[in-house]
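Order of the sequence lines fixes the chain letters, A, B, ..., with proteins taken first and strands second; residue numbering starts at 1 for each chain. Below, all heavy atoms of this structure are taken into account, side chains as well, without hydrogens, waters or symmetry copies. From a predicted model like this one, the values you see are computed outputs, not experimental measurements.
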Amino acid sequence: MHNFAYHAPASLDAALKLIGEKEDGKIIAGGMTLLPTLKQRLAAPSDLIDLAGLPDLRGVKKEGGHIVIGAMTTHYEVATSDVVKAAIPALAHLASIIGDPAVRHRGTIGGSLANSDPAADYPGAAMGLNATIVTNKRAIAAEDYFLGLFETALERDEIIVSVRFPIPEKAAYQKFRHPASGYAVAGVMVSKTGAQVRVGVTGAGPNAFRARDFEAALEKSFTAEAIKDVKMSPDSLLSDIHCSAEYRAHLVGVLARRAVAQA
Amino acid sequence: MGQFGIGQPLRRLEDPRLLVGGGRYADDARIEGQFWGVFLRSPHAHADILAMDLAAARAAPGVKAIFTAADLDAAGMPDMACEVELKSLAGEAMARPQRPILARGKTRFVGECVALVVADTQAHARDAAELIAVDYAPRPAVAGAQAALRPDAPRVWDELTSNLPVHWENGPVGPVDAAMAGAAHRVRLRIVNDRLVPAPMEPKGALAAWDKAASKLTLWAPTQGGRRIQATIAKRFLGLEQEQVRVISQDVGGGFGMRGQTYPEYVALGFAARALDGAVKWRADRTETFVSDYHGRDQVNEAEMGLDAQGRIVALKIHTVLNLGAYMAENGPRLPMEGGGRIIPCCYHAPHFYFSVKPVFTNTVSTDTYRGAGRPEANFLMERLMDKAAAACGLPRDEIRRRNFIAQFPYKTPLGYSIDSGDFAAGLDQALRMADWAQFETRRAEAKRRGKLRGIGVAAFIEAAGGRAPVEDMRLQAAPDGSVTIFSGSHSHGQGHATVFAQLAHEFLGVAPERVTLVQGDTDVTPKGSIGTFGSRSSMMGGGGLKAAAEKIVAKGKRIAAALMQSEAEQVSFAQGVFRAGASEVSFAAVAAAAHDPAKLPEGMAPGLDESHLFQREAENFPNGCHVCEVEIDPETGTTEILRYVAVDDCGIVLNPLIVHGQVHGGVAQGVGQATIEKVVYDEEAQLVSASFMDYGMPRASGVPYIEAGFNAVPCKTNPLGVKGAGEAGACGAPPAYVGAVADALRDFGADHIDMPLTPEKVWRAIHGKG
């Protein structure tokens, strides 16, 4: 690890001021990706600005038809929240199978979304549940938020404050877990709200995306049978030492059917 | 004997200490004023080093010194040598290019040590290492052994005309071909036995400290014994007497065969400590262990088996291509013919046998011994062949094995080794019974109704245990209070010697296990003839040495007891810790006390009760067994679940069933790991892309089945305790049992073999004809 200056601001404004001032400052939330990167000397920020001291960024609440989760809320807190379990059990389940217990007690929803790892679970939830990412500046719809591999709509002076999830009628998350990393080789979050169906996919492409062919078929009939012949094209999907794009495309179909059956 | 002796399930005495953090590992060693070493490693698989600019690094804060090949050469340090001697049939000796401690003018794999930076802190050493400017001229590289055999492949060694240092054969192929031609059935198979990392929990690390006044180097490092490393570093590299180097490895977090070697880092650290007249510490991070610990396996085998009309083997041909890595490790090239070759063709009689081995240089980490070291590869190949032969001959898989099992002992193998004992058919029967093999088709049909593919696999295997070095030195010392200390040449790095050796001391001397202390892993203290632990040898070698040393103690004790009881030594008996003569008796503790009191000793007898024995083995022993694995596959995803795992092992006389079962569980976990998720991956530029636990699949508790373990104990005839090694059996049985089960589940899809690891995608492709 290279040397850096550590800051623990007590307010969002103070954090934003630091980000503005420091030449190569970096925000740290749970640190589950950033800390290993620093330890391997693959990144050398001048300053680390830790959001752990901002109580406003932490916690879960129900606001009308939405669940609002503070950006610094850990996966463990989401997984065990009575509010989340009652309103969107699929989201609590997703949080409960991220990484391992150590990751779930340190990693945060804001950190996961800001990092936008192609194989992380929360991006799939944001897409599949039609979430809104709320920052200090604006509210960004999930489908406008993920731009590419580790690339989001966040600007340099923008910090995620909370994530708003509309409460669906039903939802389910199915994940095909990588045996080494625990990340999603593919993960599918399916939700239904009235006539609208969302199918969010993570793990398979460079960033989370909506599977619109599946959504259209499911809006006609919300059954596994309705999508048994819908095929995902492997063209823009990831191929790496673990899995081919062809297999990932196939998995998306299997997981979508299982999620619909489970929802 | 009694509650704690041979055969009793005594719980591990060392665990409370280890579980509360009482272990003393290499990284626990520290010396006031020590420096920190960091190795600069090659980022290129193959490159010329045109120049190295050290100026900025030397000027960096805290830097004490930087060592490169030039410094070692100036001091006259030799390179690392592989002592294995092999010849082709025509008598040409194997080429054995030597490995420089630090890269000299060229790097041959990613991770090769290029420089050693020594500074006051680890952080300063790392900072400085980044400031070393190395001018590399990259060359084409090759990672796969078969690719490296092509005429146009990049050559790892300019000095050689190809990447093949020798083509070894056991004999001419002609007679075997003739027998093969007459076979009623012939089956062929090509198998890739993938490359693995041993990945012990404790990374490599060391503290090397030079004592100028004593002219002595002390090296704390995780080894499997240390005596050979002591000798190599002292005599070959530092030009010292063996006693001028002390190697300490008290607790070691896993060995698996990769700890016995003298790694270049240890030599460089020893050199630096002497050059700086100080202490230099190094701790590898996990990535460094991936790119510098010797890897295991990595063979491609092509085999052909001929059988007669009754399904009996008439001829067998095996062509093995072994990936050596860039440098020949200490055991590397001998593993197929001496590791696997000691047992091949495993549990079966093959009247005509041809065996060809091509060890090949590539731009990768060296391969060397890893749990089983050639035997898992040999057993895997034979068991896959037997399954295929069963189908070809129209015989059940258990029946074809029965027809070919070696049943007469001693049995001389084609390569000249003698198997003393075994009852392979009994082991097979026991395993099939425990696994309810007979009723399997009912379970397959039930699974099919649920849309699942169910399969069952059986694997008989044989091992060879005892290691190459035929001696081990053990010392027993009784204190005046009757407690006993074992100074052990054998070395436990997880095997539970503190428990098993205490049981043996209890068995032979009657002393309570908790009054036995095990001292190991310190070349200043352990017996002179100590070797260490590898090749599942400690039960036979350490146990045999202990038994003989205990007999010497009892013999001397009888003379002392006779004096105490005013009897004659010949009249004294000893059992369960008590010496008796007529109606008199005296305890072991009383004799131990008397042994330290010159007034009570017989005239002319040296005081003390302290005996050593250099145990010489008569032969290696041959553990064997039969494993059955039952799986169920989700055809939609290829996901495979192990539903049942039965392991029947013949490890001779069982000293402690808990310890042996633990060995079986660990071996099965590593075998299942290879079969399901473990694989070292190099890309086309020979970059190691599976260099972390995010990419390399280590088996976890959730992926390892519940193991029903049983014993089919046939005492070994060639060692005093009747034991056979237990450490590597699981790794031999699990891969063929698992792969056989998956192949059985897929029997309707025309996939009779899938190469390991059997990832869900590979299984899915086999089901859906996507090869």
Student: Quick one: what part of B:Thr759 sits under 4.5 Å from any heavy atom of chain A, side chain, backbone, both or neither?
Tutor: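 Answer is neither: B:Thr759 stays 4.5 Å or more from chain A.
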Student: Is it true that A:His178 and A:Tyr183 have ring centroids separated by less than 6.0 Å?
Tutor: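 Aromatic pair excluded; centres sit 6.0 Å or further apart.
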Student: Do A:His242 and B:Asp695 have side-chain atoms, one donor and one acceptor, less than 3.5 Å apart?
Tutor: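 Yes, a side-chain donor-acceptor pair sits under 3.5 Å.
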Student: With a 4.5 angstrom heavy-atom cut-off, is it the side chain or the backbone of B:Asp127 that approaches chain A, or both, or neither?
Tutor: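 For B:Asp127, backbone and side chain are both near chain A.
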Student: In terms of side-chain geometry, is the basic nitrogen of B:Glu130 or B:Arg126 positioned less than 4.0 Å from the acidic oxygen of its partner?
Tutor: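 Not counted as a salt bridge, because no side-chain N and carboxylate O are separated by less than 4.0 Å.
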Student: What part of B:Pro760 is in contact with chain A, defined as an atom under 4.5 angstrom from a non-hydrogen atom: side chain, backbone, both or neither?
Tutor: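 For B:Pro760, heavy atoms of backbone and side chain both lie under 4.5 Å from chain A.
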Student: Taking the six-membered ring for Trp, is the centroid-to-centroid distance between B:Tyr645 and B:Tyr738 below 6.0 Å?
Tutor: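 No, the ring of B:Tyr645 stays outside the 6.0 Å limit from the ring of B:Tyr738, centre to centre.
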Student: Name the option with the most non-hydrogen atom pairs under 4.5 Å to chain B; the candidates are A:Met1, A:Glu246, A:Arg41.
Tutor: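 Answer, by heavy-atom pair count under 4.5 Å with chain B: A:Arg41.
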Student: If you measure only the distance, is there a donor-acceptor pair under 3.5 Å linking the side chains of B:Arg371 and B:Gln670?
Tutor: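 On atom types as modelled, these side chains qualify, holding a pair under 3.5 Å.
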Student: Under 4.5 Å heavy-atom distance to chain A, tell me which part of B:Thr639 shows up: side chain, backbone, both or neither.
Tutor: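 It is the side chain, since no backbone atom gets that close.
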Student: Do the side chains of B:Asp27 and B:Lys281 get close enough for a salt bridge, i.e. N-O under 4.0 angstrom?
Tutor: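 Salt bridge between B:Asp27 and B:Lys281, a charged N being under 4.0 Å from a carboxylate O: yes.
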Student: With a 4.5 Å cut-off on heavy-atom pairs, point out which of A:Gly182, A:Cys243, A:Ser244, A:Gly253 contacts chain B the most.
Tutor: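 Among the listed options, the one with the most contacts to chain B is A:Ser244.
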Student: At a 4.5 Å cut-off on heavy atoms, which part of B:Val681 comes close to chain A: side chain, backbone, both, or neither?
Tutor: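 Answer is side chain: those atoms of B:Val681 sit under 4.5 Å from chain A.
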Student: Could you look at B:Arg700 and say if it's the side chain, the backbone, both or neither that has a heavy atom under 4.5 Å from chain A?
Tutor: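 Side chain only.
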Student: Has the side chain of B:Arg297 got a donor or acceptor atom that lies under 3.5 Å from a matching backbone atom of B:Tyr370?
Tutor: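 Checked: pair present.
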Student: Under 4.5 Å from any heavy atom of chain A, what part of B:Glu678 do you find: side chain, backbone, both or neither?
Tutor: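 For B:Glu678, there is no contact with chain A at all, as no heavy atom is under 4.5 Å.
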Student: Which one of B:Lys679, B:Lys762, B:Glu636 has the most heavy-atom pairs closer than 4.5 Å to chain A?
Tutor: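 Between B:Lys679, B:Lys762, B:Glu636, the count favours B:Glu636.
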